[in-house]
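Everything on this sheet refers to the single structure shown next.
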Amino acid sequence: SQQGEEDPQALSIQEGENATMNCSYKTSINNLQWYRQNSGRGLVHLILIRSNEREKHSGRLRVTLDTSKKSSSLLITASRAADTASYFCATDGTGSYIPTFGRGTSLIVHP
Amino acid sequence: DGGITQSPKYLFRKEGQNVTLSCEQNLNHDAMYWYRQDPGQGLRLIYYSQIVNDFQKGDIAEGYSVSREKKESFPLTVTSAQKNPTAFYLCATEAYGYTFGSGTRLTVV
């Protein structure tokens, strides 16, 4: 099974700034999903982008997908202290609907 | 957490002991999954079930067992054969994105 890999591993910003994290993967996908995990909790689904989509928005979140580069990015605009969490991307391989997860990006937003 | 209940929240296991982690859902989802998360790591798939009475091994199934006798329930047993079971265990269901439980933290004492 393939694994999405997030970059950077850690990101520290001030409240109000934008946060950008990236995800790279190795093989063809049907869709790519982004999740947030607060410390010691389960993952919360943020957004799903299909392989035929290039950009998707949800509130302050903007996700892009570049299948030619096998990469995706998650942009959080006007970040808040409550956005402090780990963010994971999950990919599935073509022909498979089992997502595999990277190690995540740990985001700290300072008030 | 979105209709998935994992229990207990914390679990302590003695050496050589089998323990069972509970996962119950009321979302009426067919597919259920168990993941293991170690510090600073991503989630690794242990077992998954796409329908009642059927389940498949994931990437790290050795030392674990599951059952799926009911749609609502997908318990995970960590057996004594699992030599390094200390981790955070997450159960999830799937329907247009994954819904996760709040996790069980297992510690060997």
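The figures that follow rest on heavy atoms only: side chains count, while hydrogens, waters and symmetry mates do not. Every chain is numbered from 1 and lettered A, B, ... according to where its sequence line falls, protein lines coming before strand lines. These numbers were taken from a predicted model, which means no experiment stands behind them.
- When each of Gln37(B), Lys9(B), Gln6(B) is checked for heavy-atom pairs under 4.5 Å with chain A, Gln37(B) comes out on top.
- The minimum heavy-atom distance between Arg41(A) and Phe88(B), with the atom names listed, is O-CE2, 3.5 Å.
- Contacts of Glu6(A) with chain B are absent, with no heavy-atom separation under 4.5 Å from either backbone or side chain.
- Cluster annotation: Ile46(B) is not connected to Phe88(A) through the hydrophobic network of ILVMFWY side chains, with a link wherever side-chain heavy atoms come within less than 4.5 Å.
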Leu90(B)/Gln37(A) under side-chain contact (heavy atoms from CB on, under 4.5 Å): CA gap, chis, key distance, verdict:
CA-CA 12 Å; Leu90(B) 286 162; Gln37(A) 184 181 32; 4.0 Å; yes
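- A continuous path of Ile, Leu, Val, Met, Phe, Trp and Tyr side chains, each step under 4.5 Å between heavy atoms, connects Tyr98(B) with Leu45(B), placing both in one hydrophobic cluster.
- By the criterion of side-chain heavy atoms lying less than 4.5 angstrom apart, applied directly or through intervening Ile, Leu, Val, Met, Phe, Trp or Tyr residues, Ile4(B) is not grouped with Leu11(B); the two fall into different hydrophobic clusters.
- Closest approach of Tyr35(A) and Phe100(B) over heavy atoms only: CE2-CE1, 3.8 Å.
- Under the 4.5 Å side-chain contact rule for hydrophobic residues, Tyr48(B) and Ile60(B) do not share a cluster.
- The hydrophobic cluster containing Leu107(A) does not contain Leu75(A), counting ILVMFWY residues as joined when their side-chain heavy atoms lie under 4.5 angstrom apart, directly or transitively.
- Separation of atoms CG (Leu43(B)) and CG (Leu43(A)) is listed at 5.5 Å; rounding is to 0.5 Å.
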